[in-house]
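Heads up, the thing below is written out as structure tokens.
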There are 2 protein chains.
Amino acid sequence: MPGPDIAAQLDAAERLCTKNGTQLTTLRRVVLDLVLRSTAPLTAYQLLDQLKSTRKSAVPPTIYRALDFLIENHLVHRIERLNAFIPCDADHEHADAQFLICHQCGTVTELEDHGVSDALAAAAAARGFTPSRAMVELDGLCATCAPPDTAPPPAHR
Amino acid sequence: MPGPDIAAQLDAAERLCTKNGTQLTTLRRVVLDLVLRSTAPLTAYQLLDQLKSTRKSAVPPTIYRALDFLIENHLVHRIERLNAFIPCDADHEHADAQFLICHQCGTVTELEDHGVSDALAAAAAARGFTPSRAMVELDGLCATCAPPDTAPPPAHR
DNA sequence: ATGCGTATGATATAATATAGAAAGCGTCAT
DNA sequence: ATGACGCTTTCTATATTATATCATACGCAT
Ligand SMILES: [Zn+2]
Ligand SMILES: [Zn+2]
Ligand SMILES: [Zn+2]
Ligand SMILES: [Zn+2]
């Protein structure tokens with residue numbers, strides 16, 4: 001299961017950048033493609049290694065600049081806990097996201113949970129704090145990896 | 001304002017470790033002291049530089065091991081966004097904490113907000129995810145640094 | 001043609017973090 | 001007491017992650 005049509009996602013990214021007045025250049029597109037193809041988060045240097053096979057001039061600043069661009073354009077997220085990068089899972093404007101990191105299988109799930117973001121906004125406001133960016137990452141075990149006793153399958157309702 | 005009695009905090013830390021069956025050795029105590037004295041978060045290498053003045057043998061593993069110990073014993077927190085460390089602000093058992101990072105003045109405030117932790121627990125449970133550790137860090141402006149229009153002083157009630 | 005903004009290339013280095021082997025040092029059972 | 005054990009520290013080396021800086025190229029507007 002290579003994921004739902006990477007070409008389509010790249011094209012959507014292209015349109016998003018055009019809309020934003022930014023350029024999804026070939027280099028950036030290649031890096032995004034690498035991120036999209038991976039099931040697990042990739043570090044900057046893992047991406048760099050892969051990039052080098054098609055672009056011999058690639059060095060650390062190459063990949064970090066491309067990633068910065070992709071992050072600013074909400075095409076990629078950085079997972080701080082892992083120093084690694086994953087594709088954005090949503091088409092959205094990204095008010096806020098949260099990440100669930102399974103330390104068994106390594107997968108990272110992106111959420112946009114309003115209960116969480118509302119609670120964060122309230123907690124910040126109550127202290128006069130003006131948030132500009134929220135970083136919310138939970139380490140744990142995903143539904144697949146958790147022992148059944150510990151974590152029943154997703155609750156309904 | 002050097003903070004409320006560092007000696008007392010060190011003694012409290014000592015008691016906590018004894019209770020936990022761990023040892024707050026001289027080295028660890030010195031590192032904790034350094035962390036406690038700072039108003040701003042300190043990086044591992046900033047701490048190392050300071051430590052070197054009294055312990056010539058100190059090298060990176062020295063400080064990282066001491067920090068690992070202090071973190072496991074809930075005496076220090078690591079702020080992932082900053083790769084830096086702050087003293088734990090609470091005596092508690094630390095179910096969960098959140099951090100507000102002011103990017104103007106650099107201060108980091110520790111919260112234990114149940115609205116946030118409940119929302120996180122609910123969001124995780126709804127997806128069958130079993131969290132073992134939550135990392136919640138908000139970048140923004142603290143009450144002191146925020147322009148008055150943008151962020152009114154802390155709400156009452 | 002000149003200047004300007006943006007993107008990329010290229011070199012070097014900074015900053016952060018860990019691996020692994022060995023030595024010191026209590027303590028405790030034999 | 002002594003030797004085995006566990007924990008802490010020392011020491012050396014290296015791995016990993018990230019940025020600074022300057023140069024080059026290209027498209028486009030003056
Ligand atoms: Zn996203
Ligand atoms: Zn899993
Ligand atoms: Zn704390
Ligand atoms: Zn501030």
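The chains referred to below are lettered A, B, ... by the order of the sequence lines, with proteins before strands, and numbering in each begins at 1. Since this is a predicted model, take the numbers as computed values, not measurements.
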To the nearest Å, how far apart are [X] [atom1] and [N] [atom2]?
X: B/Asp49; N: C/dA14; atom1: CG; atom2: P; value: 14 Å
X: B/Lys52; N: D/dC11; atom1: NZ; atom2: P; value: 13 Å
X: A/Leu67; N: C/dA7; atom1: CG; atom2: P; value: 15 Å
X: B/Ile63; N: D/dT9; atom1: CD1; atom2: P; value: 12 Å
X: B/Ile71; N: C/dA17; atom1: CD1; atom2: C1'; value: 12 Å
X: A/Leu47; N: D/dT16; atom1: CG; atom2: P; value: 15 Å
X: B/Asn20; N: D/dC7; atom1: CG; atom2: P; value: 15 Å
X: A/Leu70; N: C/dA7; atom1: CG; atom2: C1'; value: 14 Å

| Hey, are B/Arg29 and B/Asp33 close enough for a salt bridge, meaning a charged N less than 4.0 Å from a carboxylate O? | no
| said: Can you tell whether the side chains of B/Arg127 and A/Asp113 come within less than 4.0 Å, N to carboxylate O? | reply: yes
| Residue-phosphate contact under 4.0 Å: A/Gln23 side-chain N/O, C/dA7 OP1/OP2 |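 Indeed, a polar side-chain atom of A/Gln23 lies that close.
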| query | Looking at B/Arg55, does any N or O in its side chain come under 4.0 Å of the phosphate oxygens OP1/OP2 on D/dT9? | reply |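 False: B/Arg55 side-chain N/O out of range (4.0 Å or more) of D/dT9 OP1/OP2.
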[X] side chain, from C-beta outward: closest of [options]:
X: A/Arg78; options: D/dA18, C/dT16, C/dA12; result: D/dA18
X: A/Asn83; options: D/dA18, C/dG9, C/dA17; result: D/dA18
X: A/Thr62; options: C/dT18, C/dG9, D/dT17; result: C/dG9
X: A/Pro61; options: C/dT11, D/dT17, C/dT16; result: C/dT11
X: B/Leu27; options: C/dT16, C/dG9, D/dT9; result: D/dT9
X: A/Ser57; options: C/dT16, D/dT17, C/dA10; result: C/dA10

| remark: Scanning both residues in full, the closest heavy-atom pair of A/Ile86 with A/Val35 reads C-CG1, 3.6 Å
| message | Could you report the tightest heavy-atom contact between B/Phe69 and B/Gln23, atom names first, then the distance? | response | CZ-O, 3.3 Å
| said: Taking any heavy-atom pair under 4.0 Å as a contact, classify A/Arg65: base, sugar-phosphate, or nothing. | reply: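 Base contact - A/Arg65 has a heavy atom under 4.0 Å of at least one base atom.
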| query | Is there side-chain contact between B/Ser38 and B/Phe85, with at least one heavy-atom pair below 4.5 Å? | reply | no
| request: Could you verify whether a donor N or O on one side chain and an acceptor N or O on the other, from B/Arg78 and B/Asn83, lie under 3.5 Å apart? | output: yes
| field | 5'-most by nearest nucleotide on DNA chain D - B/Arg28 or A/Leu82 | value |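 Upstream on the strand: B/Arg28.
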| message | Need to verify one output field. Residue with the more 5' nearest nucleotide on DNA chain D, B/Pro60 or B/Thr25? | response |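 Here B/Thr25 is the residue nearer the 5' end.
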| Whether B/Tyr45 stacks on the six-membered ring of C/dT16 base, 5.5 Å and 30° limits |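 Yes.
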| So, A/Tyr64 and D/dT19: ring centres less than 5.5 Å apart, planes less than 30° off, yes or no? |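 A stacking contact does not exist, since A/Tyr64 is not both close and nearly parallel to the base ring of D/dT19.
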